Amino acid sequence: MSDTEADFRQRVEELVRQIPKGRVMTYGQLAALCGNARAARIVGGIAHFGDPSLPWQRVVNKQGGLASGYPGGRAGHKQVLEAEGIAVTDDYYVNIASLLWRPDDRQEKSSPQITLL
DNA sequence: CGAGTGACCGCAA
DNA sequence: ATTGCGGCCACTC
């Protein structure tokens, strides 16, 4: 397997990179889309050692709660998410029910202009 | 090369 | 309903 092998982390990073602004994804979903639904923890590990330039801030757990190891703590994470246009509760929870984004969701169809970053 | 850990998830009492 | 525990895979030292 050398054609589309692309290390697990590379695929995850690619997906995270494609997460549009104002949307969030769950670690489990990223892992599942990557092929290993049980590798949810790995996604978190990659988030810590992967490319810090990626919008890991848009990646939250299945409960919609912010991660704990984010630089600056959940407080900083909350600030960044709010800056992205995502509403965060005082308990550091986001409404994934409305903000959960899927790779097959064509948000560009309804958004003529994409303002990423 | 081996062992430990982790930004999680799911299930059991 | 809440709390606690284990498991799983990949990454790092």
Side-chain angles (χ1 to χ4, degrees):
Chain A
M1 319 359 196
S2 33
D3 26 327
T4 49
E5 54 176 47
D7 287 333
F8 194 89
R9 73 186 260 169
Q10 192 162 348
R11 294 188 231 185
V12 176
E13 290 183 350
E14 180 112 3
L15 281 169
V16 175
R17 227 177 255 173
Q18 286 152 48
I19 298 179
K21 179 172 155 194
R23 291 282 199 264
V24 295
M25 273 188 89
T26 68
Y27 292 96
Q29 185 161 6
L30 278 166
L33 290 168
C34 215
N36 289 343
R38 319 175 206 181
R41 318 185 67 183
I42 321 306
V43 180
I46 293 168
H48 190 74
F49 282 97
D51 190 331
S53 197
L54 296 175
W56 296 108
Q57 47 203 72
R58 295 170 189 157
V59 184
V60 297
N61 58 29
K62 216 130 189 233
Q63 300 178 356
L66 307 186
S68 28
Y70 193 84
R74 306 180 197 80
H77 197 161
K78 177 176 184 287
Q79 299 291 333
V80 181
L81 286 175
E82 289 192 324
E84 297 286 308
I86 301 175
V88 184
T89 69
D90 272 347
D91 287 330
Y92 302 103
Y93 271 85
V94 297
N95 190 349
I96 57 173
S98 291
L99 299 171
L100 186 56
W101 175 77
R102 310 177 145 213
D104 56 308
D105 180 7
R106 321 223 163 168
Q107 100 290 359
E108 19 183 310
K109 197 170 179 181
S110 23
S111 272
Q113 275 191 351
I114 312 177
T115 320
L116 275 180
L117 217 55

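Numbered from 1 within each chain, the chains take letters A, B, ... in sequence-line order. Note that this is a predicted model, so its numbers are computed, not measured.
- Under 4.0 angstrom from either OP1 or OP2 of C:dA10 there lies at least one side-chain N or O belonging to A:N36.
- Atom CD of A:Q57 and atom P of B:dA7 are 17 Å apart (whole Å).
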Please report, to 0.1 Å, the donor-acceptor pairs under 3.5 Å made by any side chain of residues 72-83 of chain A, with sequence neighbours excluded.
| unit_1 | atom_1 | unit_2 | atom_2 | d |
| --- | --- | --- | --- | --- |
| A:H77 | NE2 | A:Q57 | O | 2.7 |
| A:K78 | NZ | A:E82 | OE2 | 3.1 |

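- At a threshold of 4.0 Å, the pair A:R102-A:D104 counts as salt-bridged, since one of the basic side-chain nitrogens sits closer than that to a carboxylate oxygen.
- Nearest heavy-atom pair across A:A31 and A:A39 is CB-C, 3.7 Å.
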**Request:** Encode nucleotides 8-13 of chain B as B, S and - characters from 5' to 3', where the letter depends on protein heavy atoms closer than 4.0 Å: B to the base, S only to sugar-phosphate, - to neither.
**Result:** BSS---
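- Criterion: ILVMFWY side-chain heavy atoms under 4.5 Å apart, direct or through other members. Under it, A:W56 and A:L33 are part of a common hydrophobic cluster.
- Rounded to whole Å, atom P of C:dT12 lies 14 Å from atom CZ of A:F8.
- The CZ atom of A:R23 sits 6.5 Å away from atom CG of A:D105, with the distance rounded to the nearest 0.5 Å.
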